[in-house]
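The basis for the numbers below is simple: all heavy atoms, side chains too, and nothing from hydrogens, waters or symmetry mates.
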Amino acid sequence: MTDPRVTIIITQRERFGMTEESLESLYAHTTGMDVIYVDGNSPPRVAEVLRREADTRGFRLIRKERFLTPNQARNIGVAEAKTDYVVFIDNDVLFTDNWLEPLVACADETGADIVAPLTCQGMPAHTEIHHAGGDYAEGGDMAGFFEGNPELGRAFDEVMHGHAEKVSDWQDRLERKETGMCEFHCALARRSVFDKVGPLDEKLMSTKEHIDFSMSVRQAGGTVWFEPASVVTYVFPCRARPMNREDWPFFALRWSDAYGTRSLEHFIAKWGLRTKPDYVQSKKGIYAMRRMQGMLVPLMRGVPVIGKNDKLARKLARASMFPERLVNAAMVRRQDRHMS
């Protein structure tokens, strides 16, 4: 048997509840790869599943007794990978047959440093687009973005092609092509690219890390390609795949106001971006809404009598957002002390 050319690096996106389903999907649709699973303080039930699966399937399990930000976990995995390519995978992704081979073929044939698949979202799997490539330069002027003077502000405008549209409506537009950015739900990268750009930026604690990586590679003379022959699906928390309560602490930290604000402010300053005046504040509103939908609404649905009325449950969840913000801030302070 030939040595694998690819190491799959699995990290935890925002919850733990899909760990087993995602692993089963990976191994049902993939062969000929090394696997490194970076586990950041998963709850006991999930930790036991991972230990059992690692023993059975023979992948390497790296356990840390604290929550990890996505880039912290990815850097741990990259440091241990020895193959030509690495593929970053979130722990809530489902796969299709022959998803890996097209990514490798695209990199081999184009010389790409990063290759992004067609990433779908939600259930039923593989039907609705999350990301079919994307750009971040205003007007799509990628060359001008890097040639401009960052002191004057690079015009930043994030665009995810095909987002929330049906795959069936995009069949005539799905072709291999160079693009601006990947998504870390699933992305192949040359192992050697990290010798050029260094490790992933751990100051990006919860957001925009995929764009930062794509920008760094592009600035270093590399390319990012989109390969739609590879199809995967990211499954966000929903009625079909709800979060477990044991997921809530990690989810709340990942989408905390503090982590989001720190990440965005660092990202903007690092690249000299020119954004809308309310850009950071509007994103904070999105994080708060994620926590409300992911935790507060399910919590209120569990309240006797009240929970039977979905409209009332949502109203109470919204009314609980102020104390939730205080709890969330206290959680971040505790995690900061744990990491220092």
(message) Quick check with a 6.0 Å cut-off and a 45 degree axis cone: is R154 positioned over the face of F145's six-membered ring?
(response)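 Relative to the ring axis of F145, which defines the angle, R154 lies inside both limits.
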(message) Taking the cut-offs as 6.0 angstrom to the six-membered ring centre and 45 degrees off its axis, would you call R218 and F146 a cation-pi pair?
(response)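 Cation-pi check for R218 and F146: fails.
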[Y] and [X], any side-chain heavy atoms less than 4.5 Å apart:
{"X": "K203", "Y": "R262", "value": "no"}
{"X": "C186", "Y": "V87", "value": "yes"}
{"X": "T19", "Y": "Y37", "value": "yes"}
{"X": "T7", "Y": "K82", "value": "no"}

(message) Please enumerate all residues that pass ring pair (Phe, Tyr, Trp, His ring centres under 6.0 Å) together with F67, with sequence neighbours excluded.
(response)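 Listed in chain order: F250.
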(message) Under a 4.0 Å threshold between the charged nitrogen and the carboxylate oxygen, would D201 count as salt-bridged to K270?
(response)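 Salt bridge between K270 and D201, a charged N being under 4.0 Å from a carboxylate O: yes.
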Pair listing, salt bridge (Lys or Arg N to Asp or Glu O under 4.0 Å) test, anchored in [range], at least two apart:
{"range": "residues 221-244", "answer": "E21-R241, R176-E227, R239-D310"}
{"range": "residues 60-78", "answer": "D39-R63, R60-E80, R63-E65, R74-D90, R74-E209"}
{"range": "residues 183-194", "answer": "none"}
{"range": "residues 319-329", "answer": "D257-R325, R291-E324"}

(message) Ignoring hydrogens and geometry beyond distance, is a side-chain donor-acceptor pair present between W271 and D212 at under 3.5 Å?
(response)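 Note: W271 and D212 side chains meet the donor-acceptor criterion.
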(message) If only side-chain N and O atoms count, and only distance matters, is there a donor-acceptor pair under 3.5 Å linking W255 with S206?
(response)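 Absent: no donor and acceptor within the cut-off.
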(request) May I have all residue pairs that pass side-chain hydrogen bond (donor to acceptor under 3.5 Å, both in side chains) and include part of residues 274-289, sequence neighbours excluded? (result)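 Not a single pair qualifies under side-chain hydrogen bond (donor to acceptor under 3.5 Å, both in side chains).
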(message) Determine whether S263 and T207 satisfy the following criterion, side-chain hydrogen bond (donor to acceptor under 3.5 Å, both in side chains), listing intermediate values before the conclusion.
(response) CA-CA 6 Å; S263 300; T207 190; over 6 Å; no
(request) Consider only side-chain heavy atoms of I, L, V, M, F, W and Y, link residues closer than 4.5 Å, and tell whether F251 and L299 are in one cluster. (result)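 Yes: a chain of side-chain contacts under 4.5 Å links F251 to L299.
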(request) Spell out, yes or no, whether V197 and W225 are grouped together once hydrophobic residues are joined by side-chain heavy atoms under 4.5 Å, including indirect joins. (result)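 V197 does not cluster with W225.
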(message) Suppose we screen for salt bridge (charged side-chain N to carboxylate O under 4.0 Å, His left out). Which residues come up paired with D108, at least two apart in sequence or across chains?
(response)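 D108: salt bridge (charged side-chain N to carboxylate O under 4.0 Å, His left out) contacts with R5.
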(message) Going by the rule salt bridge (charged side-chain N to carboxylate O under 4.0 Å, His left out), which residues pair with E246 if we only count those two or more places apart in sequence or in a different chain?
(response)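 R45.
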Determine all donor-acceptor pairs shorter than 3.5 Å in which one atom belongs to a side chain in residues 135-142; sequence neighbours excluded.
unit_1 : atom_1 : unit_2 : atom_2 : d
D135   : OD2    : H161   : NE2    : 3.1
D141   : OD1    : G144   : N      : 2.9

(message) Donor-acceptor check, side chain of E165 to backbone of G162, threshold 3.5 angstrom: yes or no?
(response)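 Side chain of E165 to backbone of G162, a donor-acceptor pair under 3.5 Å: no, none is there.
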(request) Determine which pairs satisfy ring pair (Phe, Tyr, Trp, His ring centres under 6.0 Å) with at least one residue from residues 188-219, sequence neighbours left out, and list them in order. (result)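 Applying ring pair (Phe, Tyr, Trp, His ring centres under 6.0 Å) to every pair that reaches into residues 188-219, excluding sequence neighbours, yields F184-F213, F194-F213.
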(request) Could you list all the ring pair (Phe, Tyr, Trp, His ring centres under 6.0 Å) pairs where at least one residue sits in residues 100-129, not counting sequence neighbours? (result)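 For residues 100-129: none.
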(request) Name all residues meeting the side-chain contact (heavy atoms from CB on, under 4.5 Å) criterion together with A330; count only those two or more places apart in sequence or in a different chain, and write none if there are none. (result)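 For A330, the residues satisfying side-chain contact (heavy atoms from CB on, under 4.5 Å) (neighbours in sequence not counted) are R333.
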(request) Taking the six-membered ring for Trp and the full ring for Phe, Tyr or His, determine whether the centres of H131 and H163 are under 6.0 Å apart. (result)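 No, too far apart.
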(message) Is the distance from the ring center of F95 to that of H29 below 6.0 Å?
(response)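 No, ring centres 6.0 Å or more apart.
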